[in-house]
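In what follows, a single structure is set out as structure tokens and then discussed.
This one's a predicted model, so the numbers in the text were calculated from it and none came from an experiment. For reference, positions follow the sequence shown, starting with 1.
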Amino acid sequence: MMDELWSRGWAEAHKAALQAREDLARNGRPVPTLWDDLRKLVRDLISPPVTAKCSETCCDPQTCQSAA
């Protein structure tokens with residue numbers, strides 16, 4: 001019973017994902033894939049993106065608890 005419900009849910013989700021992929025391809029937009037996400041993750045691990053540094057005013061020792 002549970003396997004049948006799971007299989008039916010997976011089949012519906014798979015069908016919806018394929019439909020979304022076809023819609024993106026039809027509109028000329030790039031289709032996101034798991035490999036693209038993995039490449040971005042590895043890229044960010046090798047060379048992390050530059051984050052903006054906090055100015056001195058946001059870490060005032062008298063008003064900021066994290067400066068203690």
Side-chain angles (χ1 to χ4, degrees):
M1 177 81 175
M2 186 64 177
D3 289 339
E4 181 182 335
L5 290 174
W6 183 88
S7 296
R8 191 177 316 137
W10 185 89
E12 290 173 5
H14 186 250
K15 184 178 178 182
L18 288 175
Q19 181 64 39
R21 184 182 183 105
E22 288 174 6
D23 291 345
L24 286 173
R26 192 175 314 118
N27 293 335
R29 290 202 234 141
V31 178
T33 64
L34 178 61
W35 290 116
D36 292 335
D37 292 342
L38 287 174
R39 282 189 202 108
K40 291 175 187 175
L41 177 64
V42 170
R43 179 198 64 205
D44 290 345
L45 288 174
I46 292 172
S47 58
V50 178
T51 57
K53 299 248 178 169
C54 183
S55 66
E56 291 295 325
T57 58
C58 73
C59 291
D60 185 18
Q62 294 176 354
T63 59
C64 185
Q65 292 180 356
S66 63

For this session: Just jot down the side-chain contact (heavy atoms from CB on, under 4.5 Å) partners of L45, sequence neighbours excluded, or say none.
Result: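 L45 satisfies side-chain contact (heavy atoms from CB on, under 4.5 Å) with L41 once adjacent residues are dropped.
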
Exercise. side-chain contact (heavy atoms from CB on, under 4.5 Å) with E12: which residues, sequence neighbours excluded?
Worked result: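 Counting only residues at least two positions away or on another chain, E12 forms a side-chain contact (heavy atoms from CB on, under 4.5 Å) with R8.
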
Exercise. Is I46 isolated, or which residues cluster with it under the ILVMFWY side-chain rule of less than 4.5 Å, directly or via members?
Worked result: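 For the cluster that includes I46, the remaining residues are V42.
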
Problem set entry | Partner residues of R39 under the salt bridge (charged side-chain N to carboxylate O under 4.0 Å, His left out) criterion, sequence neighbours left out |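 Result, salt bridge (charged side-chain N to carboxylate O under 4.0 Å, His left out) vs R39: D36.
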
Problem set entry | ring pair (Phe, Tyr, Trp, His ring centres under 6.0 Å) contacts touching residues 17-45 (sequence neighbours left out) |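 As it turns out, there is no ring pair (Phe, Tyr, Trp, His ring centres under 6.0 Å) pair with a partner in residues 17-45 once direct neighbours are skipped.
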
Problem set entry | Listed once per pair and sorted, the salt bridge (charged side-chain N to carboxylate O under 4.0 Å, His left out) pairs that draw on residues 19-31, sequence neighbours left out |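 Qualifying pairs, neighbours excluded: D23-R26.
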
